[in-house]
Amino acid sequence: MNADNLKEKEESRPSISFIEQFIAEDIKEGKNGGAIVTRFPPEPNGYLHIGHAKAICLDFGMANKFGGKCNLRFDDTNPVKEDVEYVDSIKEDIRWLGFDWDEREFYASDYFGKLYNFACDLIKKGFAYVDDQSAELISTQKGTPSQPGTESPFRNRRVEENIDLFERMNKGEFDEGSRVLRAKVDMTSSNMHMRDPIIYRIIKSPHHRTGSIWMVYPMYDFAHGQSDYFEGVTHSLCTLEFEVHRPLYDWFIDRLKKDDYRPRQIEFNRLNLTYTMMSKRKLLELVRKNRVKGWDDPRMPTLCGLRRRGYTPEAIKRFVDLIGYTKVEAINDVSLLEHAVREDLNLKTARVFGVLNPLKVIITNYPEGQVENVELVNNPEDENMGKRMVPFSREVYIEQDDFMETPPNKFFRLAPGMEVRLKGAYIIKCEGFKKNDKTGAIEEVYCTYDADTKSGGNMSEKKVKGTLHWVSSAHAIDAEVRLYDRLFINEDPAGEKDDDWLNFLNPDSLKILTGCKVEPSLRSAKPLDKFQFQRLGYFCVDYDSNEPNLVFNRTVSLKDTWSKINR
RNA sequence: UGACCUAUGGUGUAAUUGGCAACACGUCUGAUUUUGGUUCAGAAGAGUUCAGGUUCGAGCCCUGAUAGGUCAACCA
């Protein structure tokens with residue numbers, strides 16, 4: 001597939017999400033004067049992962065599609081969980097994906113004043129009250145989904161008393177947990193969120209942006225919709241679990257809005273990936289318990305982890321495009337993500353020679369000390385990527401897997417008496433090998449080469465079934481390669497148990513291979529450069545290496561039909 | 001026991017709004033290939049959760065089941 005085909009394919013994609021249809025209808029009906037404003041509202045309490053990428057692509061994508069704008073808004077209403085470290089990383093990751101919020105960077109904390117005033121307004125109109133009860137008592141009074149709640153004895157406090165108490169809550173006169181502000185909605189509602197939801201609580205920890213000027217902080221439900229309103233957001237896209245919050249969202253907007261404009265909440269399905277655990281809480285736990293080296297550990301499904309692993313933003317966006325947005329709780333197959341990565345990297349990456357498990361081959365009839373440079377195409381998919389010269393000599397390394405003493409049927413590589421081509425160089429024939437008597441390991445393979453079969457030469461039409469990658473032993477650079485097998489966990493998230501999820505971590509998700517040999521052209525490779533090691537997969541140069549040599553992370557393996565045949 | 005949401009090949013999504021169920025991934029064949037990659041050609045695989053109803057005609061509308069999910073944090 002070339003770039004044009006890909007473009008064609010993308011354009012031919014027929015699906016239009018229900019969200020797109022909703023927005024198109026709203027425009028048609030002239031709602032909000034035809035304006036389209038969306039927002040991406042992360043809480044700065046962790047790093048962004050691939051699930052967020054789905055939301056980001058939608059929020060920015062819909063704005064772009066309809067000529068609108070997308071705001072970046074940090075939902076920082078809970079100071080005990082949040083930190084500037086996360087703010088910075090979130091911005092970096094969104095930019096990496098290729099989206100820009102220009103100057104529209106907002107914080108829910110920017111609206112603390114407005115929200116406070118709105119809360120006072122609700123109190124004055126009899127729509128909110130201070131409750132002195134304990135969390136436990138409030139909780140039991142809420143009832144259950146099938147049984148209505150009962151009203152708090154403080155529900156009908158006088159307005160003046162409520163205002164006074166709320167002000168004093170904010171001055172720090174009361175302990176955390178001693179009082180809350182609740183909206184007066186309906187304790188008998190079938191929707192639990194409407195049973196006089198708590199809208200303000202006392203928190204005395206300093207906020208990462210506002211310091212200690214506030215002692216009361218709004219809850220999500222009291223901040224999100226209003227923030228949307230303050231910013232002129234028209235379409236507030238969020239995940240399915242917020243569906244039951246929508247009546248409350250609308251309830252607050254009804255009491256806040258002063259004109260025809262109103263934001264609309266639309267829910268879509270969250271991303272679930274097989275073998276992948278994406279709960280922010282659990283990712284944080286992995287980092288804290290040092291089960292991974294950090295948020296950007298290449299095993300992490302975080303955007304920075306995937307980046308370090310060698311994923312491209314284009315591949316991630318393509319994947320998101322392929323899975324679509326619906327209201328079905330879907331579990332997407334990682335193989336589709338991996339497909340998207342291969343599709344993108346196949347076009348972009350230079351092919352290089354690297355041998356993961358070296359086995360020395362000695363070409364007995366090749367002159368000792370002779371070195372010749374053979375010419376190789378960097379990327380058969382893209383001529384513009386040019387060619388390179390790779391040194392060839394009497395001793396080369398091939399992959400251990402590429403030699404078998406007693407080969408099975410359909411084995412097209414090297415075995416006693418068999419001929420293969422060393423890619424870009426000569427056809428060689430296996431004449432013998434040295435085996436360790438004790439371990440049975442093959443230590444060296446002896447071959448002869450046919451000088452007339454050099455690539456590009458006259459006799460080069462001679463056909464052999466197999467072509468091997470190789471690295472000249474005298475010129476090879478030692479490298480370390482980290483192989484990643486799937487992202488994370490062995491079982492699908494559906495089967496995941498909450499208590500012992502750490503045991504689901506795939507022990508094979510990181511294998512480190514040392515002593516790998518790579519061709520000398522890689523000496524100039526820079527961190528995050530990506531390559532395709534012939535027949536082995538796509539690899540990305542790591543930036544977190546204490547070793548003097550190159551370290552590669554395997555991005556994704558190639559489709560390997562041989563191992564399937566072998567199975 | 002309640003409210004809300006959802007149900008289409010193995011997986012994820014479509015179906016011009018009521019007109020022969022299509023696409024992608026995956027799987028399997030074959031061809032080309034100096035990557036067992038890529039590319040190309042082709043195949044198998046669902047009759048749309050079930051039962052009724054409306055209609056000339058239903059994946060789509062109606063009724064009722066069934067299954068799964070969400071909701072009872074001073075988290076977002």
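Residue numbers begin at 1 in each chain, while the letters A, B, ... track the order of the sequences. Note that this is a predicted model, so its numbers are computed, not measured.
Checking the phosphate oxygens (OP1, OP2) of B/U35, no side-chain nitrogen or oxygen of A/Arg351 falls inside 4.0 Å. Checking the phosphate oxygens (OP1, OP2) of B/A76, no side-chain nitrogen or oxygen of A/Lys81 falls inside 4.0 Å. Taking 4.0 angstrom as the limit, A/Arg201 places a side-chain polar atom (N or O) nearer than this to OP1 or OP2 of B/A76. Proximity of A/Ser139 to the phosphate of B/A72: no side-chain N or O atom is located under 4.0 Å from OP1 or OP2. Look at A/Lys465 and you won't find any side-chain N or O under 4.0 angstrom from OP1 or OP2 of B/U34. Considering only side-chain N and O atoms, A/Asn191 lies nowhere under 4.0 angstrom from the phosphate OP1 or OP2 of B/U70. Dashed line: the shortest gap from a side-chain N or O of A/Lys559 to OP1 or OP2 of B/G26 is under 4.0 Å. One finds no side-chain N or O of A/Thr274 lying less than 4.0 angstrom from the OP1 or OP2 phosphate oxygen of B/U11.
When the C1' atom is used for both B/G9 and B/U49, the distance is 14 Å, rounded to whole Å. B/A7 and B/A51 are spaced 16 Å apart, taking the C1' atom of each and rounding to whole Å. Taking the C1' atoms as reference points, B/U63 lies 28 Å from B/C20, given to the whole Å. Rounded to whole Å, the P atom of B/C23 lies 43 Å from the corresponding atom of B/G2. Rounded to whole Å, the separation between the P atoms of B/G37 and B/U29 comes to 13 Å. For B/C28 and B/G68, the P atoms lie 33 Å apart once the distance is rounded to whole Å. The separation of B/C50 from B/A58, taken at their C1' atoms, amounts to 16 Å, rounded to a whole angstrom. Straight-line distance between the P atoms of B/G12 and B/A44: roughly 23 Å, to the nearest whole Å.
Atoms CG and CD, from A/Asp221 and A/Gln226 in turn, are 9.0 Å apart once rounded to the nearest 0.5 Å. Within the model, atoms CG of A/Leu284 and NZ of A/Lys81 stand 9.5 Å from one another, a figure rounded to the nearest 0.5 Å.
A/Gln534 and A/Gln532 share no side-chain donor-acceptor pair at under 3.5 Å. Of the N and O atoms on the side chains of A/Asp76 and A/Ser109, at least one donor lies less than 3.5 Å from an acceptor on the other residue. Side-chain polar atoms of A/Tyr426 and A/Asp452 form no donor-acceptor pair below 3.5 angstrom. A/Gln133 and A/Ser152 are linked by a side-chain donor-acceptor pair at a separation below 3.5 angstrom, with hydrogens and angles left out of the test. Between the side chains of A/Glu338 and A/Tyr538, no donor-acceptor pair of N or O atoms lies under 3.5 Å. Using modelled atom types, one finds a donor on one side chain and an acceptor on the other under 3.5 Å when comparing A/Glu231 with A/Asn71. Between A/Arg351 and A/Asn379, the side chains place a donor N or O and an acceptor N or O closer than 3.5 Å (distance only, hydrogens not considered).
Between the side chain of A/Arg342 and the base of B/G37, no donor-acceptor pair of N or O atoms lies under 3.5 Å. In this model, a side-chain donor or acceptor of A/Ser455 finds a partner on the base of B/U34 within 3.5 Å. Put simply, the side chain of A/Gln532 and the base of B/U35 share a donor and an acceptor less than 3.5 Å apart. Looking at A/Glu381, its side chain comes within 3.5 Å of the base of B/G37 through a donor and an acceptor atom. Applying the 3.5 Å distance criterion, the base of B/U34 shares a donor-acceptor pair with the side chain of A/Arg421.
Within the 4.0 angstrom heavy-atom criterion, only backbone atoms of the sugar-phosphate kind lie near A/Glu43; the bases stay farther away. No contact: A/Phe533 has no heavy atom under 4.0 Å from any strand.
Both A/Leu336 and A/Ala135 sit near RNA chain B, but only A/Leu336 has its closest nucleotide nearer the 5' end. Residues A/Asn332 and A/Ala425 both approach RNA chain B. Their nearest nucleotides, taken by heavy-atom distance, put A/Asn332 toward the 5′ side.
Taking a pair to require two hydrogen-bonding distances under 3.5 Å in either a Watson-Crick or a G-U wobble arrangement, B/C23 pairs with B/G12. Across all strands shown, the partner of B/C61 is B/G53, judged by Watson-Crick or G-U wobble contacts whose two distances both fall under 3.5 Å. Taking a pair to require two hydrogen-bonding distances under 3.5 Å in either a Watson-Crick or a G-U wobble arrangement, B/C75 remains unpaired. Both distances falling under 3.5 Å, in either a Watson-Crick or a G-U wobble arrangement, place B/A3 opposite B/U70. Across all strands shown, B/U32 forms no Watson-Crick or G-U wobble pair with both key distances under 3.5 Å.
Applying ring pair (Phe, Tyr, Trp, His ring centres under 6.0 Å) to A/Tyr220 and the options A/Phe242, A/Phe252, A/Tyr249 leaves one that passes, A/Phe242.
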Can you name the atoms? Protein N/O to nucleotides 60-62 of chain B N/O, anything below 3.5 Å, with the distance.
none

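For B/U6, the O4'-C1' to base torsion is more than 90° from 0; the nucleotide is therefore anti. Glycosidic conformation of B/G47: syn, with the torsion inside 90° of 0.
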